[in-house]
Structure formats: C-alpha cells, structure tokens
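Structure first, then comments.
First the proteins, then the strands, lettered A, B, ... as listed; each starts at 1. Just so it is clear, the structure is predicted and the values come from calculations on it, not from any experiment. Computation of the quantities below employed the complete heavy-atom set of this structure, encompassing side-chain atoms and omitting hydrogens, waters and symmetry-equivalent molecules.
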Number of protein chains: 2
Amino acid sequence: MTQPARKFTRIQPELRREHLVEAALRCLAEHGHAGVSVRKIAAEAGVSIGLINHHYDSIDQLIAHAYETLAIGIFNRVTGAVDPSAGTARDRLSAFFRAYFSPDVFDPKLLGVWVVFWSMIRHSPAIKAAHDRTNAGYARVLEGYLADLAAENGLPPTTVRLAAVGLSALLDGIWLQWCLTPEQAFTIHEAIALAESWVDGVARGAYGRLAS
Amino acid sequence: MTQPARKFTRIQPELRREHLVEAALRCLAEHGHAGVSVRKIAAEAGVSIGLINHHYDSIDQLIAHAYETLAIGIFNRVTGAVDPSAGTARDRLSAFFRAYFSPDVFDPKLLGVWVVFWSMIRHSPAIKAAHDRTNAGYARVLEGYLADLAAENGLPPTTVRLAAVGLSALLDGIWLQWCLTPEQAFTIHEAIALAESWVDGVARGAYGRLAS
DNA sequence: TCTGTTGTTGAACGTGTGTATAGCGAGCCA
DNA sequence: TGGCTCGCTATACACACGTTCAACAACAGA
C-alpha cells in the first residue's frame with residue numbers, strides 16, 4: 001500500500017532562493033566553471049530545471065546572488081571576529097589575521113568558486129557591483145585599523161589609504177598562492193607571520209615614502 | 001577575370017601552432033571563458049574548425065600551450081629587464097619592480113586570460129604543470145634577490161624562502177586588485193612605492209620573526 | 001470539501017559545443 | 001609536367017546548454 005508519493009513540496013520563494021544559492025555554491029566548488037549550469041544546479045538542489053528560471057530571470061542572476069551571499073558571509077565572519085573596542089589597534093589587526101587565515105577562508109575549493117565570479121565581473125553588472133561593495137568593505141575596515149595604529153604610534157596618517165591597499169593586496173596574494181598550490185610551500189602559521197611582519201614594517205616606519 | 005582563389009595556404013606545423021596560440025590568446029582576452037571555443041579560435045585564426053584538432057589532441061592542450069607561451073613570455077620579459085651582475089641587490093629588486101609594474105603586465109585584459117587558466121588548473125595536468133613551473137621560476141628569482149639583499153645587509157638568511165613568498169604574494173595581490181578594479185584607487189607609481197616599502201621593511205628588520 | 005493561487009514540473013526548441021572523418025588541394029620533388 | 005604527401009577543409013554527429021511554456025498539484029482559505 002504505497003502512499004501517493006508527493007511529487008514536490010512548496011516552500012516560500014525566499015527560502016527556495018536560499019536553497020538554490022547553496023546548491024549553486026556546491027556546484028561551483030565541485031565543478032568550477034562547468035558548475036554554472038541550470039541542469040547541474042537544479043539536480044544538486046533536487047528540483048526541476050525550470051524552477052531556476054522561475055525564481056531568477058537568468059542563471060547569471062542566481063550566480064550573482066550566490067556571490068553576494070558567500071562574499072558577505074565571509075566578510076561578516078572575518079570582521080565579526082574582531083572586537084572593535086577592545087585592545088590596541090595592533091591587537092585588532094592580529095585578531096583580523098587570525099580570522100582571515102582560518103580554514104574557512106583558506107580553502108582551495110573556494111578559489112574555484114571565486115575564479116568563476118571573477119570571470120563574470122566583466123559581463124555581469126550585478127556581480128561587478130557585489131564585488132565592488134565587498135571590496136570597499138575590506139578597504140574601510142583595514143583603513144580603520146591602520147588609522148588607529150597610526151594614531152597610537154604617531155605615524156603620519158596620510159599613508160593610511162595606500163597602506164590599506166598594500167595590506168589588502170598582501171592578504172589576497174597569500175590567499176591566492178595558498179589556493180593555487182595545495183601542496184603548500186608555507187604553513188598557515190607562516191602566512192600569519194608574513195602579515196604580522198608587514199605590520200612590523202609599518203610600525204618601524206618602512207612605509208614613510210607612501211606619504212610623499 | 002578573377003583569379004582561381006587559393007582556398008588555403010600550407011605552413012609548417014610549428015608555425016601554425018604559434019598562430020593558433022596567438023589567436024587563442026586574443027579570444028581569451030576578448031571573450032574570457034567563452035573564448036575557449038574551437039570555433040571562435042579557428043575563426044580568429046582564419047582557419048577551419050578541424051585544424052585545431054589536427055594540431056592538438058584536444059582544445060585543452062591548445063589552451064595549455066597558450067598559457068605556457070604567455071607565462072614564459074612575461075617571465076622572460078620581466079626577469080630579462082634585470083641585469084643580474086650590475087648594482088646592488090636593492091637595485092636589482094627596483095629594476096624588477098619597474099619591469100613588473102609595466103603596462104604589459106598591468107593590463108586588465110590579462111586577468112581575463114589568467115582567470116581562465118586558473119579555472120583549468122584543477123582539471124588539466126598540462127596547465128597545472130605550466131603554472132607550477134613558472135611559479136617556481138618567480139620564487140627562484142625573488143629568493144635570489146632577497147638572499148643577496150640579506151648577504152649585503154647582514155640579515156639572517158633563514159628568512160629568505162618565506163620572505164620571497166611574501167613579496168611574491170604582495171606583487172600578485174597588487175596585480176589582482178589593479179586588474180579587477182580598472183577604475184583604480186591607486187596609481188602605478190603608488191604600486192611601486194608599496195613594493196619598495198616592503199623591501200624597506202625587510203631592510204629595517206621587520207621580518208626577523210620569520211626566522212623563528 | 002471545494003476552489004483559487006501559485007510554486008513547481010518537464011518536455012520542447014534553438015543554439016553552441018568538441019570531436020571524428022572523408023575528401024580536397026597546395027606545394028614539393030622527381 | 002606529373003604524382004604524391006599531408007596540411008587543411010567542411011560536413012556530420014551526439015551531446016549539453018539556457019530559456020520558454022502549458023499543464024500539474026500542493027496548500028491555504030473559505
């Protein structure tokens with residue numbers, strides 16, 4: 001006596017979109033660029049092909065939504081690990097580094113996802129906008145830490161904007177190298193030491209020429 | 001009185017492969033990931049579709065060949081701009097920076113090409129191998145400069161390997177940021193200043209903790 | 001229990017993909 | 001000038017893609 005199997009279950013559009021985003025991210029992590037596929041994502045989410053175009057005008061919009069979800073999630077997790085009022089600016093930078101150099105972020109699978117996003121920036125305004133927004137977020141946060149550091153140590157504050165660019169680039173570069181070469185030539189501990197040493201350089205006035 | 005138009009011209013396989021690689025790079029620069037297409041590349045090269053599979057077992061091998069050509073070309077141009085015997089180690093680093101931060105390398109179109117390569121690293125052993133080889137090349141060159149710098153300035157040489165990782169990451173990160181955000185928040189001059197300041201930090205002993 | 005709304009399905013369509021292959025023809029060499 | 005080699009063309013094939021749309025069915029409210 002089999003039940004008349006229910007063919008599907010309805011859920012709220014907002015919740016369904018969330019599920020689709022999660023399935024899309026799993027597809028991107030597993031298949032890279034080939035994971036940008038209505039059929040693969042629908043299969044991963046356990047729904048029919050047509051459902052994606054019912055909730056999104058095109059697959060690009062789903063990917064853009066996925067990018068925004070992932071990028072903001074990581075940003076919040078990393079910056080949320082830093083108590084903005086406790087300790088010195090130097091302490092806050094160290095806390096930021098510890099959160100940034102965590103397995104959540106330093107995961108080679110993540111690069112496969114990110115590379116897809118980067119490749120779509122030029123053609124998709126939605127993804128470009130999401131990228132610019134999170135990028136500005138990191139710049140703002142790092143500039144805040146460095147401005148505090150400059151104030152506490154009496155360094156010239158004119159260097160702050162550019163120094164934040166440099167630190168951001170260093171962190172991105174370490175992440176990139178880590179993800180591209182899984183058989184690593186350096187440890188997470190060493191990666192943190194590189195970032196800390198960069199701040200040491202700032203504290204020793206090595207970045208004075210940026211003020212010119 | 002029209003000539004009986006020649007339908008094609010034969011050239012040496014080696015030369016033809018070179019033309020195909022150049023066409024592939026133009027396609028990647030223009031169309032990004034969508035440029036990885038036998039039909040697009042064949043059209044760009046002005047040859048028939050089947051010719052690519054005549055010269056390469058699969059399109060992935062053509063892309064790998066293109067990657068190797070481009071990566072080695074840039075590597076040779078950048079490292080070739082540094083006279084390995086003249087001046088101090090610091091001079092050589094500065095010369096390297098000037099060559100690296102040139103319009104040849106700092107071209108947003110180049111990122112579109114590179115992103116395609118990165119996305120294929122996981123699935124294509126040929127591309128992975130080409131990447132590892134050029135990566136090792138940069139590591140070797142930078143380690144050389146930094147070892148000379150350490151010897152000239154009496155710094156502990158144990159830090160050299162890891163410092164090269166840091167410098168390489170910084171350069172990659174600056175390049176990435178430059179290419180991802182064409183409406184730049186910094187100039188090439190400032191980018192060079194960031195790299196020079198990093199070396200200042202090394203010279204001031206900021207990277208002593210790497211030796212631990 | 002019936003009805004209306006709407007989230008969901010799945011087949012269909014046109015396009016683009018990589019590869020295989022049969023045959024054409026350009027250019028070399030005797 | 002003939003013939004032969006092989007670089008090259010162009011068609012064909014099977015498959016995957018994104019999108020569309022008419023029909024279906026789950027669930028809320030009456």
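Using a 4.0 Å cut-off between charged nitrogen and carboxylate oxygen, B:Arg161 and A:Glu190 count as a salt-bridge pair. Between A:Glu183 and B:Lys128 there is a salt bridge, with a side-chain nitrogen of the basic residue lying less than 4.0 Å from a carboxylate oxygen of the acidic one. A salt bridge does not link A:Asp83 with A:Arg92: none of the charged nitrogens is closer than 4.0 Å to a carboxylate oxygen. Taking a cutoff of 4.0 Å between a charged side-chain nitrogen and a carboxylate oxygen, A:Arg90 and A:Glu196 qualify as a salt bridge.
At a cut-off of 3.5 angstrom, counting only N and O atoms as typed in the model, there is a donor on one side and an acceptor on the other between the side-chain of B:Arg10 and the base of D:dC6.
Look at NE2 on B:His19: it is 15 Å from C1' on D:dC8, rounded to the nearest Å. The interatomic distance linking B:Asn53 (CG) with D:dT9 (C1') rounds to 13 Å, in whole Å. The NE2-P distance, from B:His31 to C:dT17, rounds to 10 Å in whole Å. Note: CD1 (A:Ile52) to C1' (C:dT8) measures 13 Å, nearest angstrom. Rounded to whole Å, the distance from CZ on B:Arg17 to P on D:dC8 is 10 Å. Here C:dT19 presents its P atom at 11 Å from CD1 of B:Ile41, a figure rounded to the nearest Å. One can place CG of A:Leu15 at 13 Å from P of C:dG7, the figure rounded to the nearest angstrom. Across the protein-nucleic acid pair, B:Leu20 atom CG and C:dG18 atom P stand 14 Å apart, rounded to whole Å.
Counting any heavy atom pair closer than 4.0 Å across all strands shown, A:Ile11 reaches sugar-phosphate atoms only and no base atom. Note on B:Ile59: only backbone sugar-phosphate atoms sit closer than 4.0 angstrom, heavy atoms only; bases stay farther off.
When the side-chain nitrogen and oxygen atoms of A:Thr9 are compared with OP1 and OP2 of C:dG7, none of them lie within a distance under 4.0 Å. Remark: B:Arg16 is not in phosphate contact with D:dG7, judged by side-chain N or O atoms under 4.0 Å from OP1 or OP2. Note on A:Lys7: a side-chain N or O is less than 4.0 Å away from OP1 or OP2 of D:dA25. Here A:Arg6 does not reach the OP1 or OP2 of D:dA25: none of its side-chain N or O atoms lies under 4.0 Å away. B:His54 has a side-chain polar atom (N or O) that falls below the 4.0 Å cut-off from OP1 or OP2 of D:dG7. At least one side-chain nitrogen or oxygen of B:Ser37 sits closer than 4.0 Å to the OP1 or OP2 atom of C:dT17.
Along DNA chain C, the nucleotide closest to B:Gly50 and the one closest to A:Arg39 are compared, and the more 5′ of them pairs with A:Arg39. Each of B:Phe8 and B:Ile49 was assigned the nucleotide of DNA chain D with the nearest heavy atom; the assignment lying further toward the 5' end belongs to B:Phe8.
Secondary structure note: stems in DNA chain D built from 3 or more consecutive Watson-Crick or G-U wobble pairs under 3.5 Å occupy C:1-30 with D:1-30.
Relative ring orientation between B:Phe117 and B:Trp114 is described as perpendicular, the plane-to-plane angle rising above 60° on a 0-90° scale split at 30° and 60°.
In this structure, the side chains of A:His19 and A:Ile11 come closer than 4.5 Å at one or more pairs of heavy atoms. Side-chain atoms of B:Ile74 and B:Arg77, non-hydrogen and from C-beta on, do get closer than 4.5 Å to each other.
No side-chain donor-acceptor contact under 3.5 Å links A:Tyr67 and A:Trp118.
Distances from the side chain of A:Leu51 to the nucleotides C:dT9, D:dC27, D:dT5 place C:dT9 closest.
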